Amino acid sequence: MSLLAPSAMTSGPSKVANTNDASSRAAPVGSVPPITAAKTVEPLRQAGLNMPVALRRRFPRLATSSVLVAGDIAAYLIAYFALLSFLPDGSAGTVLERAFALAALATIVLYVSAGLYPGYRLHDHEHLRRRTIAAFKVAVLAALGAILLPEGERLLLAVIGFLGLGLIVQPVMHWLARGLCWRLGIWGERAVIIGGRNLTPALMAHFKDHWKYGIRPEPFSPDAPEVSSDSAPSIALIAGDTSSLVADLAAMRRKYSEVILLSDTPSLKINGLRPADVGGEIGVRLTSSGSSVNSDLVRRILDLAIAIPATIVVAPFIAIAAAAIYAIDPGPVFFRHAREGLSGKPVHVLKLRTMYQDAEQRLEALFRENPAMRAEWLAHFKLKNDPRVLPVIGHLLRSSSFDELPQLANIIAGEMAIVGPRPFPEYHLLAMDGEFRDKRRSVTPGLTGLWQISERSNADIELQQQLDEFYIDNRSLWFDCQILLSTIPAVFKRRGAY
């Protein structure tokens with residue numbers, strides 16, 4: 001039995017927060033429009049291709065892997081042409097080109113061994129981790145070659161630059177290749193959903209929305225007639241109460257090539273299991289999210305390496321924004337508010353002021369006049385049409401999250417981190433249960449986090465809590481890197497920001 005670790009960073013997690021109601025929240029789909037299951041089932045038969053059963057079952061996976069490999073090759077070609085003007089002429093250039101080809105080939109071979117083709121059922125940050133480790137291994141081999149080969153040191157910097165640029169371009173090409181496979185109907189594997197507590201509809205909707213997992217879900221029916229192995233799904237996904245299924249596991253193993261005990265996703269709590277690699281151990285481990293001294297030290301170094309240069313770069317723009325705020329509503333341009341930080345210590349979060357100075361009085365008057373606005377506030381602690389926000393500059397700063405950038409000073413001071421749960425005001429935390437608040441206090445609050453890159457202000461209290469809880473339970477340096485890389489496009493999209 002293996003454990004599914006679904007992606008936390010897609011183009012937008014599903015909002016299926018209530019596991020007993022699949023239709024209560026409509027989830028945004030991925031950037032490539034999903035197509036119906038009817039278009040993806042048996043594409044080879046629809047095309048009239050006649051081939052052996054074993055090959056027909058494996059053909060979509062082989063074809064998908066081939067398209068993904070072609071996408072990575074294209075990424076390296078783009079990296080090569082981008083570096084072409086910097087390459088020396090003559091024989092030295094020929095040697096470099098051969099070194100690039102060998103480095104690209106070695107990296108792709110390592111991708112194959114890491115299970116990245118097609119890479120179904122992996123977190124986005126797991127994709128990033130495996131790709132980065134593969135590129136690092138090739139860079140180490142290039143460094144050894146630079147030591148052993150005559151004049152090899154002249155190749156080292158070029159090869160490392162080639163691998164690094166390829167690593168940057170590959171996610172875009174991977175997205176295009178994956179979308180092409182989806183449209184061709186060869187992406188993903190059929191899987192039956194076996195869920196307790198009425199989870200099946202929610203899981204069906206979840207996997208259809210998050211098609212990048214490579215799961216084409218089908219409901220499980222014990223009364224359905226037996227079908228041939230050629231047309232039957234090859235995977236069984238188990239969710240919810242599994243105690244009644246223990247006796248049937250042996251039969252399920254004979255019937256399906258994979259039986260997967262589902263773990264929680266960012267927007268759908270299933271079993272209380274955190275994604276983990278079983279790694280040859282005797283079973284799926286239930287662990288708490290520990291924090292090591294080494295990882296905390298690395299995080300602190302990375303925070304300072306990002307925050308200090310970023311502060312120098314954005315300081316002039318913060319000054320311009322502060323001047324615009326003062327021109328519209330004279331008074332203090334910065335806003336400090338006490339929030340709950342690590343171990344419950346207060347953190348005085350620094351922000352650019354985006355509201356009128358009498359914002360609280362305006363809010364109370366609004367609630368008296370408009371009960372609907374009060375209901376919206378109690379659900380999100382945000383208002384889409386907030387009369388307290390300063391005209392033009394206030395909306396611009398909030399939609400771009402630029403008003404949060406003064407918190408770089410909090411990061412440098414060690415009160416906050418680049419990535420982590422957002423520090424909420426006390427009135428916001430009071431809407432969350434005490435056990436979750438204790439869990440939240442176990443990590444340093446961050447400038448950006450999981451729900452900021454997925455739902456932002458569209459998330460209600462329940463979904464905010466679930467997203468934060470998923471992050472805390474699965475916190476890692478690679479997860480932080482994936483969230484950080486996803487922050488920039490999330491800010492530019494401005495979806496759910498107000």
Side-chain angles (χ1 to χ4, degrees), residues 2-17 19 114-115 119-133 203 206-207 210 212-215 237 239 260-279 281 283-296 298-299 302-303 342 417-422 432 435-455 459 462-487 490:
S2 60
L3 181 63
L4 171 63
S7 172
M9 295 316 133
T10 60
S11 56
S14 170
K15 292 185 181 179
V16 186
T19 57
Y120 295 148
R121 306 187 295 278
L122 292 177
H123 277 286
D124 280 349
H125 66 272
E126 180 62 16
H127 277 276
L128 175 64
R129 186 186 73 85
R130 297 186 187 190
R131 286 179 178 272
T132 304
I133 288 176
L203 288 167
H206 182 79
F207 284 115
H210 296 78
K212 295 178 183 178
Y213 294 165
I215 291 293
L237 304 179
I260 298 172
L261 176 61
L262 286 173
S263 62
D264 293 340
T265 74
S267 52
L268 188 61
K269 194 170 183 64
I270 300 170
N271 282 328
L273 300 177
R274 57 175 297 187
D277 184 0
V278 176
E281 298 184 14
V284 176
R285 293 178 294 116
L286 302 181
T287 63
S288 59
S289 56
S291 178
S292 68
V293 174
N294 290 338
S295 63
D296 288 343
V298 172
R299 280 192 176 89
L302 290 176
D303 285 344
L342 180 65
I418 294 290
V419 179
R422 285 293 296 159
M432 300 177 174
E435 183 179 352
F436 172 69
R437 287 190 64 175
D438 290 339
K439 176 177 284 190
R440 237 175 169 269
R441 296 186 188 104
S442 67
V443 297
T444 304
L447 180 64
T448 184
L450 182 58
W451 76 267
Q452 283 78 17
I453 66 169
S454 53
E455 304 297 337
E462 183 181 1
L463 186 52
Q464 287 174 8
Q465 179 170 325
Q466 189 159 324
L467 290 169
D468 278 345
E469 188 169 14
F470 183 86
Y471 167 76
I472 296 169
D473 286 342
N474 300 278
R475 186 169 174 249
S476 71
L477 290 173
W478 291 106
F479 201 178
D480 288 355
C481 288
Q482 181 63 36
I483 291 173
L484 188 58
L485 291 174
S486 301
T487 296

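Every heavy atom of this structure was used, including side-chain atoms; hydrogens, water molecules and symmetry mates were not. From a predicted model like this one, the values you see are computed outputs, not experimental measurements.
- Among all heavy-atom pairs drawn from L450 and I483, the shortest one is N-CD1, 4.1 Å.
- For R129, the salt bridge (Lys or Arg N to Asp or Glu O under 4.0 Å) criterion is met by E126, not counting sequence neighbours.
- Rounding to the nearest 0.5 Å places CG of L477 at 10.5 Å from NE2 of H125.
- D303 pairs by the salt bridge (Lys or Arg N to Asp or Glu O under 4.0 Å) definition with nothing, not counting sequence neighbours.
- Minimum interatomic distance between F207 and L237 (heavy atoms only, all atoms of both residues): CE1-CD1, 3.8 Å.
- Side-chain atoms of R422 and L447, non-hydrogen and from C-beta on, do get closer than 4.5 Å to each other.
- By the side-chain contact (heavy atoms from CB on, under 4.5 Å) test, L128 pairs with T132, W478, C481, Q482, L485, sequence neighbours left out.
- One distance of note links CZ of R121 with CD1 of I215; it measures 5.0 Å at 0.5 Å rounding.
- Atom-to-atom distance recorded for R475:CZ and R299:CZ is 4.0 Å, nearest 0.5 angstrom.
- In terms of heavy-atom proximity, T444 sits nearest to P421 at O-CD, 3.9 Å.
- Between F470 and F479, the two ring planes are perpendicular [angle over 60°; tilted spans 30° to 60°].
- By the 4.0 Å N-to-carboxylate-O rule, D468 lies too far from K439 to be salt-bridged with it.
- A heavy-atom distance below 4.5 Å is found between the side chains of I418 and L484.
- Between L342 and V443, the shortest heavy-atom distance links the atoms CD1-C, 3.6 Å.
- Rounding to the nearest 0.5 Å places CD of E435 at 15.0 Å from CZ of R440.
- L467 CG to W451 CH2: the interatomic distance, rounded to the nearest 0.5 Å, is 9.0 Å.
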